[in-house]
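Report on the following structure.
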Protein chains: 2
Amino acid sequence: MIKKISIGDIATALNISKSTISFIINGKAKEKRISLALTEKVLQYIDENGYKPSRLAQSLSTGKTMIIGLMVEKISDYFFAQMAYHIEEIAYQNGYKIFYCSTDNDPDKTRELIQLFRDRNVDGYIITPPAGMEKEIQSLIDEGSPVVLFDRYYPDIESSYVILDNFKASYNASKYLAEHAFAHIAFITLDSDQSQMEDRKQGYVKAMAEHGLEVIVEKVLYGNDPAQTVKQLVRFLRQNKRVDAVYFATNYLAFSGVKAINQLGYKIPGTMGIIAFDDHQVFDFYEPTITAVAQPISELARQSIRVLLSLLNKPFEERAVQKVTVPAHFIIRDSTARPL
Amino acid sequence: MIKKISIGDIATALNISKSTISFIINGKAKEKRISLALTEKVLQYIDENGYKPSRLAQSLSTGKTMIIGLMVEKISDYFFAQMAYHIEEIAYQNGYKIFYCSTDNDPDKTRELIQLFRDRNVDGYIITPPAGMEKEIQSLIDEGSPVVLFDRYYPDIESSYVILDNFKASYNASKYLAEHAFAHIAFITLDSDQSQMEDRKQGYVKAMAEHGLEVIVEKVLYGNDPAQTVKQLVRFLRQNKRVDAVYFATNYLAFSGVKAINQLGYKIPGTMGIIAFDDHQVFDFYEPTITAVAQPISELARQSIRVLLSLLNKPFEERAVQKVTVPAHFIIRDSTARPL
DNA sequence: TAATTAAACAAAACCAGTTTAGCAAAATGA
DNA sequence: TCATTTTGCTAAACTGGTTTTGTTTAATTA
């Protein structure tokens, strides 16, 4: 067990004061008028003895931990995992480390996690907030912590956020179906009041209205047992035989939907066209390949961390709220081929 | 910006000393003979004013950060994401927080990350090490940091590890193919010398030998462009027409393999049986469903964090090396139905 | 009744840095 | 030549805890 050396050890060894060393390490040698001779002597000593300042002590005295708290819905989801990956990379380049965790969309768990991050003195937050966390988010901001919401936001809170243009993306996807000879287009969504879900629905509704098509919205439960969701979708499709296209509000709903459609013996494409919101590796691998609204993950990640870093670099009073909306990509694949 | 109160603030407010408060907070009131009256007074004050000790200060003085460093190959992979999820949960229950990151199997990146974790004073490590990190791992152990290797290990280092019984699992999977009328079974693996890959290969080789079958091993490159891998597999299958079953050493190789097989117009099952090592959600969703060797992720996670916690709870001298091997599950699905 | 022990707490050192204020010596200016 | 400025550095306070040692007063014990 090799003991690490401290700034005090160096001070003793060279018979100078800690402050001098601190100034030199932090590049303030000239500013603080430390002679070149001493500066180099110290630098050399550090180099030879492999000294690294303790981040803990640094954090304690500066009040900065250089840690960013990243709270996503579920880190094992492809979308969030990719987000985390990109955010982390840029954070590292800027000297920040990431604490990340999954909220599971559970308000209680999220509250605990926010408290945990607060306890750990993270410098800033990137959060995909579950519904109903307005108070907690607001109090974070009030405390002076930079916060960037991501993927969804609270209309009633003045916070920075980075989101997809869900409405437009959803409108375009729905319009595409309407313009490609599909006559009864169902929208399958979650029973949730998250902002992004509502926006997706509204985009669909607008497109249907413009094309004089029937609005068929089915809200399904998506819990721990995907089989339940499949069952519900089978029932829905049985009761709505006129439906010839299904537009799923999330990719995992599409997974269950495809299972349901297969169970009913419908053909994709042919009897049924499908689109999924939020692309997935598997959509390109499945037979048939599945048309999807793709979120530009790396762009969303870049924007999120960019906004957060800009907040972190400004003092409390100068922090302006930044609201960023990023357009989606529409990836046309086999599952939306014109019905026969 | 509300300023947090410190232990010193309480001391001033109640006109008592910091040490007294510290003892009370840490449940040492009786041991340190603090009167019940004072104890309750302090506790009440803390409750009313919402005091929380600074973890930074605590870490600085105790030398413990209560942070575990978790380094996986790629956090966006389903397997590692799930691992992280389970490990994190148990870590939280024990008061630990997780720093996690992806090595991308890159030795240089890994070295940097280890340094980063070291700088951040993590209390212990769980690592899926890329090849050739023996020196770095050894020096971590020498420094007194508890380390648990996971998924793979270094035969030459006396470190704790938790791995799957890759050899046996692979042997069983290969045997299954051999016993189900497949005559030319190819093993597709990475061009890698990681211990778990070698074990999987050896399991396959043994099963082939026992059944008097030809050993057909193809090492493919898996880089940033999966299309390249698909190309290579198409070429391989074209040149080896006798192959009637393919056993993939990882799930993502299976993805590329299925693409290749589809491109060639082969039927699964029928012309070709396939097995993937390491299960994936999609294998159960794909048509046909794909037989796989499943790693018991939650068990692996539980064991890893259990071993690490047991090391963390012991002083340096008492830490015994723990080597844990966990058996796999073999999940038989449609893709290994008997050839026609 | 004096010496000892226990009770109840305070003071101070320590963790490892940063930062402000200050001080002696040398250089400059009037 | 004496006052002032600059140079080059140090001492000490501060971040917010933990832990060891000390001190006073009251209760036992011999």
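Keep in mind the model is a prediction, meaning the values are calculated, not measured. Each chain gets a letter, A, B and so on, in the order the sequences are listed, and its residues count up from 1.
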So, for B:Ser304 and B:Leu300, which heavy atoms are closest and what is the spacing to 0.1 Å?
-> OG-O, 2.7 Å

To the nearest 10 degrees, how far apart in direction are the end axes of the helix from C:dT1-D:dA30 to C:dA30-D:dT1, each fit to five base pairs?
-> 60°

Quick one: list whatever passes side-chain hydrogen bond (donor to acceptor under 3.5 Å, both in side chains) with A:Asp106, sequence neighbours left out.
-> none

Hey, does A:Phe117 have a side-chain heavy atom less than 4.5 Å from the side chain of A:Ser145?
-> no

Any side-chain N or O of B:Thr20 under 4.0 Å from OP1/OP2 of C:dC9?
-> no

Return yes if a side-chain donor-acceptor contact under 3.5 Å exists between A:Gln194 and A:Asp151, otherwise no.
-> no

Quiz: residues 35-47 of chain B side-chain donor-acceptor pairs under 3.5 angstrom, not counting sequence neighbours:
residue: B:Ser35; atom: OG; partner: B:Leu38; partner atom: N; Å: 3.3
residue: B:Thr39; atom: OG1; partner: B:Ser35; partner atom: O; Å: 2.8
residue: B:Gln44; atom: NE2; partner: B:Glu48; partner atom: OE2; Å: 2.8

So, do B:Ser160 and B:Leu149 sit near enough that their side-chain heavy atoms are less than 4.5 Å apart?
-> no

B:Pro146 versus B:Phe316: any side-chain heavy-atom pair under 4.5 Å?
-> no

First and last nucleotide of DNA chain D in contact with chain A, 5' to 3', at under 4.0 Å to a heavy atom: what are they?
-> D:dT7 to D:dG16

Of all pairs that satisfy salt bridge (Lys or Arg N to Asp or Glu O under 4.0 Å), the ones with a partner from residues 301-314 of chain B, not counting sequence neighbours | B:Glu299-B:Arg302

Pairs in or reaching into residues 130-158 of chain A: which pass ring-ring contact (aromatic ring centres under 6.0 Å, His included), with residues at least two apart or in two chains?
-> A:Tyr153-A:Tyr161

Qualifying residues under side-chain hydrogen bond (donor to acceptor under 3.5 Å, both in side chains), relative to B:Glu158, sequence neighbours excluded | B:Lys323

Would you mind reading off the distance between B:Phe23 atom CZ and C:dA7 atom P, rounded to a whole angstrom?
-> 16 Å

Could you identify which residues of residues 25-49 of chain A place a heavy atom less than 4.0 Å from some atom of DNA chain C, listed by residue number, or say none?
-> A:Asn26, A:Lys28, A:Lys32

Measure from CD1 on A:Ile24 to P on C:dT18 and round the result to the nearest Å.
-> 12 Å

Do any pairs count as a side-chain hydrogen bond (donor to acceptor under 3.5 Å, both in side chains) and have a residue in residues 117-138 of chain A, sequence neighbours left out, and if so which ones?
-> A:Thr65-A:Asp123, A:Arg111-A:Glu136, A:Gln115-A:Arg118, A:Gln115-A:Asp119, A:Arg118-A:Ser139, A:Arg118-A:Glu143, A:Gln138-A:Asp142

Quick one, which residues of residues 6-18 of chain A touch DNA chain C with a heavy atom under 4.0 Å?
-> A:Ser6, A:Ile7, A:Lys18

For DNA chain D, the residues among residues 54-69 of chain B that have a non-hydrogen atom under 4.0 Å from it = B:Ser54, B:Ala57, B:Gln58, B:Leu60, B:Ser61, B:Thr62

Let me have the donor-acceptor pairs involving side chains of residues 79-90 of chain B, under 3.5 Å, with sequence neighbours excluded, atom names and distances please.
residue: B:Gln82; atom: OE1; partner: A:Ser76; partner atom: OG; Å: 3.4
residue: B:Tyr85; atom: OH; partner: A:Asp104; partner atom: OD1; Å: 3.3
residue: B:Tyr85; atom: OH; partner: A:Asp104; partner atom: OD2; Å: 2.8
residue: B:His86; atom: ND1; partner: B:Gln82; partner atom: O; Å: 3.0
residue: B:Glu88; atom: OE1; partner: B:Tyr100; partner atom: OH; Å: 2.7
residue: B:Glu88; atom: OE2; partner: B:Tyr92; partner atom: OH; Å: 3.0

Could you state the interatomic distance from OG1 (A:Thr110) to CG (A:Asn105), rounded to the nearest 0.5 Å?
-> 7.0 Å

Scan side-chain atoms only and decide if B:Ser102 and B:Glu73 contain a donor-acceptor pair under the 3.5 Å cut-off.
-> no

Pairwise side-chain contact, A:Leu14 with A:Thr20, heavy-atom cut-off 4.5 Å (strictly under) = no

